[in-house]
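What follows is a set of notes on a single structure, which appears directly below.
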Amino acid sequence: MGHGGNVIQELTTDHREVEEIFGRIEALPPGSAERKTLCEQATMELVRHSVAEESYLYPAVREHVPNGGSLADKELEDHAKAEQLMKDLEGCEADDPRFDTLMTELMSEIRAHVADEEQNLFPRLEAVCPPDALMDLGDKVRRAKKTAPTRPHPAAPDTPPANKMVAPGAGLVDRLRDALSGRGKEG
């Protein structure tokens, strides 16, 4: 969940971890219960990652990158689509006929989003943002992920300051629910 380094290094490592989970899902046969557990793990990581990006990365993009507002808005649209897919997956078991369709759509959406961030957004931010500011953002992102929700909340605010106020409370409730239910635990 926290890797160290600047914001770009931190978020890129998150991307690799989620891709590794996706690969494990794809290697399992359809209907395998382990696919649901891995889906839950991916969702937990993706939600924490998204909340941290929405709280710190995208405001920095708006501030520092030319035309950063439109870039950040596009990324928020991507997040909204992915969050709705994760919410839909929450109600599906691995043997549900919709599970594979939704999981494939989520993986496709996330992979396109990651490629866009890594090939477009990250290089543009790195070109205009001082290294110490990128390190500071990395620290803020790591702190945000520790208290962020672990379940999709499509109706929650996705821009500061409201998201920074709501996320820790929702995160506490989500982590409690996860602990009580064993969600995301391999078993």
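This structure is a prediction, so every number in the text was calculated from the model and none was measured.
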Given side chains that start at C-beta, do those of E17 and T13 come closer than 4.5 Å, heavy atoms only?
yes
Mind checking whether E117 and E53 have side chains closer than 4.5 Å, heavy atoms only?
yes
Determine whether R151 and K87 make a side-chain contact, defined as any pair of heavy atoms from C-beta on separated by less than 4.5 Å.
no
I'd like to know if D73 and R62 make a salt bridge, using a cut-off of under 4.0 Å between side-chain N and carboxylate O.
yes
Salt bridge or not between K185 and E40? Use side-chain N to carboxylate O under 4.0 Å.
no
Could you report the tightest heavy-atom contact between F22 and L46, atom names first, then the distance?
CZ-CD1, 4.2 Å
Taken in chain and number order and not counting sequence neighbours, the residues that satisfy ring-ring contact (aromatic ring centres under 6.0 Å, His included) with H49 are H15
Do any N or O atoms from the side chain of Q41 and from the backbone of G184 form a donor-acceptor pair under 3.5 angstrom?
yes
When rounded to the nearest 0.5 Å, the distance separating CE of M44 from NZ of K145 is 14.0 Å
Would you please say whether a donor-acceptor pair under 3.5 Å links the side chains of E10 and N6?
no
Write down the atom of K36, the atom of L89, and the distance for their closest heavy-atom approach.
NZ-O, 2.9 Å
I'd like to know if R16 and E45 make a salt bridge, using a cut-off of under 4.0 Å between side-chain N and carboxylate O.
no
Separation of K81 NZ from M86 CE (nearest 0.5 Å)
13.0 Å
In a table with atom names and distances, give each donor-acceptor pair under 3.5 Å that connects a side chain of residues 132-140 to protein atoms at least two apart or in another chain.
from, atom 1, to, atom 2, distance (Å)
D136, OD2, K140, NZ, 3.3
D139, OD1, R142, NH2, 2.7

Please find the pair of heavy atoms, one from L125 and one from A60, that lie closest to each other, and give the distance.
CD1-O, 4.2 Å
With a cut-off of 3.5 Å and sequence neighbours excluded, list every side-chain donor-acceptor pair involving residues 95-110.
from, atom 1, to, atom 2, distance (Å)
D96, OD1, R98, N, 2.7
D100, OD1, R35, NH2, 2.6
T104, OG1, D100, O, 2.8

Which residues satisfy the salt bridge (Lys or Arg N to Asp or Glu O under 4.0 Å) test with K74, sequence neighbours excluded?
D78, D116
Just by distance, no angles: are the side chains of E75 and H79 close enough, under 3.5 Å, to form a donor-acceptor pair?
no
Evaluate the side-chain proximity of E90 to T43: yes if any heavy-atom separation is below 4.5 Å, no if none is.
no
Set of salt bridge (Lys or Arg N to Asp or Glu O under 4.0 Å) partners for E77, sequence neighbours left out:
none
Residues that E126 engages under salt bridge (Lys or Arg N to Asp or Glu O under 4.0 Å), provided they are two or more places apart
none
Side-chain heavy atoms of E19 within contact of V114, under 4.5 Å
no
Does R183 reach the main-chain N or O of T150 with its side chain, forming a donor-acceptor pair under 3.5 Å?
yes
Would you check if V141 and L11 make a side-chain contact, meaning some heavy-atom pair closer than 4.5 Å?
yes
Looking at every heavy atom in both G5 and Q9, which two are closest together, and how far apart are they?
CA-OE1, 3.1 Å
Are any of the side-chain heavy atoms of V65 and L121 separated by less than 4.5 Å?
no
Please check this pair: side chain of E83 against backbone of H153, looking for a donor-acceptor N/O pair closer than 3.5 Å.
yes
